[in-house]
Amino acid sequence: MTDFPEGMVWLVGAGPGDAELLTRKAERLIGEASVVFHDALVGPGILEMAARSARLVHVGKRSGRHSKDQRTIDRLIVEAALAGEKVVRLKGGDPAIFGRATEELDACREAGVVIRICPGVTAASAAAASIGASLTLRGLARKLTFVTAHARAGEALDLDWARLADPDATLAIYMGKAAAPEVSAELIAAGLPASTPAALVESASLPGERHFHTSLGLLPLAARTALGDGPALLLIGKAMAQPAANAGTRQPAALTAAGLAVGKVA
Ligand code: SAH
């Protein structure tokens, strides 16, 4: 029996960008779909896995207009399924991590549409792989916290900084580029040393990948001066200490002045 009958929806994780980081199941489901709803963070080559006859629908959201757009997406997905299509809703990374999956799951279930999730490689895993680091570290980073630093326009971040300032944890901060100054200041104010290792990884697993090692105190400067327009993840904690082998590499003066060590500049 097929796991993808007509009228069903699969919420599929597209991974961090590199098409090879897609699961085999995701690849098969994309190939079987009659319609694929995708957003902007789906890597190159992935949409080409869809059948020639499949409809590809870009439903990328612009920040600041999330809630209304999300309802429209929910409605489009449900309508397609009720019309008998085989629907793939493709989302960057893992659909269940900062992916608004709940809204789409609820909308389908309320309409009596069967929806299942195919997990994907989340950005934090790809970012750690890029810098050759482990997100957890025996005895030093026993905890891994995924947090989003996305705030609505004009609003302050509503995060429990005292809890986040845990010296024995690794913080993986999604959507944190704009909030880097606030993240740094609040974590330091809550007691995390300014010298805590931090890494910035932009476009992990994609051709334009860039990564930088810095410290919590210098994170704002690093985010402002080193990053481009790609999606970026902030990683903070002892486990992000720069590997000794790279520490002596000669770095461009402008970047070392900003407290940055360059991994790879594509
Ligand atoms: N569901 C996704 C996250 C969506 S939120 C996942 O599991 O990865 C979008 C945020 O994810 C971006 O703002 C950025 O912080 C992060 N992100 C997504 N792709 C990334 C990539 N290739 N490199 C670095 N960060 C990425």
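Computed from a predicted structure; not experimentally measured.
Within the 4.5 Å cutoff, the side chain of Val59 has heavy atoms near those of the Arg89 side chain. Using a 4.5 Å heavy-atom cutoff, the side chains of Pro220 and Val183 are not in contact. Between Val88 and His38, the closest side-chain pair of non-hydrogen atoms is not below 4.5 Å. Considering only heavy atoms from C-beta on, His213 comes within 4.5 Å of Ile131 through its side chain. Side-chain contact check for Leu187 versus Leu171: some heavy-atom pair is nearer than 4.5 Å. With a 4.5 Å cut-off on side-chain heavy atoms, Val113 and Arg109 do not count as touching. The side-chain heavy atoms of Val36 and Val57, taken from C-beta on, include no pair separated by under 4.5 Å.
Of all heavy-atom pairs spanning Pro5 and Lys86, the tightest one is O-CG, 3.8 Å. Between Ala149 and Ala179, the shortest heavy-atom distance links the atoms O-CB, 3.6 Å. Of all heavy-atom pairs spanning Leu216 and Pro193, the tightest one is CD2-O, 3.7 Å. The shortest non-hydrogen separation linking Ala101 to Pro95 is CB-O, 3.3 Å. Between Pro44 and Leu206, the closest heavy-atom pair is CD-CD2, 3.5 Å. Minimum heavy-atom separation, Asp74 to Ala107: CB-CB, 3.7 Å.
A donor-acceptor pair is defined here as one N or O able to donate and one able to accept, closer than 3.5 Å; such a pair exists between the side chain of Glu202 and the backbone of Asp229. Of the possible polar contacts, one joining the Thr170 side chain to the Leu135 backbone as a donor-acceptor pair under 3.5 Å is found. Here the side chain of Thr23 pairs a donor or acceptor atom with the backbone of Ala26 at under 3.5 angstrom. Although no hydrogens or angles enter the test, the distance criterion places no donor-acceptor pair under 3.5 Å between the side chain of Trp161 and the main chain of Ile188. Put simply, the side chain of Tyr174 gets close to the backbone of Ala124: a donor and an acceptor are under 3.5 Å apart. In terms of modelled atom types and a separation under 3.5 Å, the side chain of Ser125 and the main chain of Val121 share no donor-acceptor contact. Without hydrogens or angle criteria, Thr148 side chain to Met175 main chain gives no donor-acceptor distance under 3.5 Å. Using modelled atom types, one side-chain atom of Thr225 and one backbone atom of Leu221 make a donor-acceptor pair closer than 3.5 Å. A donor-acceptor distance shorter than 3.5 angstrom exists from the side chain of Lys177 to the backbone of Gly228, with no hydrogens or angles considered. For the pair Ser205 (side chain) and Asp18 (backbone), a donor-acceptor distance under 3.5 Å is present.
Linking ILVMFWY side-chain heavy atoms closer than 4.5 Å, directly or via other members, places Ile30 and Val87 in two distinct hydrophobic clusters. The cluster map of Ile, Leu, Val, Met, Phe, Trp and Tyr, joined by side-chain heavy atoms under 4.5 Å apart, puts Ile46 and Leu29 in the same cluster. Linking ILVMFWY side-chain heavy atoms closer than 4.5 Å, directly or via other members, places Leu82 and Val114 in two distinct hydrophobic clusters. Note on Val12 and Leu22: same hydrophobic cluster, where clusters join Ile, Leu, Val, Met, Phe, Trp and Tyr whose side-chain heavy atoms are under 4.5 Å apart, directly or indirectly. In terms of hydrophobic clustering, with Ile, Leu, Val, Met, Phe, Trp and Tyr side chains grouped at heavy-atom distances under 4.5 Å, Leu21 and Ile97 are assigned to different clusters.
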| task | Could you go through the side chain to side chain contact (heavy atoms under 4.5 Å, CB included) check for Leu76 and Phe37 one step at a time? | result | CA-CA 9 Å; Leu76 288 173; Phe37 293 97; 4.0 Å; yes
| request: Could you walk me through whether Asp166 and Lys143 pass the salt bridge (Lys or Arg N to Asp or Glu O under 4.0 Å) test, one step at a time? | output: CA-CA 9 Å; Asp166 180 346; Lys143 198 199 265 181; 2.9 Å; yes
| request: Show the numbers, then the answer: is there a side chain to side chain contact (heavy atoms under 4.5 Å, CB included) between Leu137 and Arg142? | output: CA-CA 6 Å; Leu137 197 59; Arg142 299 164 179 272; over 6 Å; no
| task | Run the numbers on Ile115 and Trp10 for side chain to side chain contact (heavy atoms under 4.5 Å, CB included), then give the verdict. | result | CA-CA 6 Å; Ile115 178 167; Trp10 272 97; over 6 Å; no
| CA sep, side-chain torsions, deciding dist, call: Ile77, Val35, side chain to side chain contact (heavy atoms under 4.5 Å, CB included) | CA-CA 9 Å; Ile77 292 169; Val35 58; over 6 Å; no
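A 6.0 Å sphere centred on CD of Glu6 holds no more than 12 heavy atoms belonging to other residues, nucleotides or ligands.
Between the CE atom in Met8 and the SG atom in Cys108 there is a gap of 9.5 Å [rounded to 0.5 Å]. One finds the CE atom of Met240 at 12.0 Å from the CG atom of Leu200 (value rounded to the nearest 0.5 Å). One finds the CG atom of Leu227 at 6.0 Å from the CZ atom of Phe212 (value rounded to the nearest 0.5 Å). Put simply, CG on Leu164 and CD1 on Ile236 are 9.0 Å apart, with the number rounded to the nearest 0.5 Å. Expressed to the nearest 0.5 Å, how far CD of Glu48 lies from CG of Leu56 amounts to 8.5 Å. Interatomic distance, Glu182 CD to Leu157 CG, rounded to the nearest 0.5 Å: 4.0 Å.
Remark: Asp69 does not engage Arg100 in a salt bridge, criterion side-chain N to carboxylate O under 4.0 Å. Between Asp3 and Arg28 a salt bridge is recorded (basic side-chain N to carboxylate O distance below 4.0 Å). Classification of Glu85 and Arg55 as a salt-bridged pair holds, one side-chain N sitting under 4.0 Å from a carboxylate O.
Glu209 and Ser203 form no side-chain donor-acceptor contact under 3.5 Å, judged by distance and modelled atom types alone.
A salt bridge (Lys or Arg N to Asp or Glu O under 4.0 Å) with Glu104 is found for exactly one of Arg71, Lys91, Arg116, Arg75, namely Lys91.
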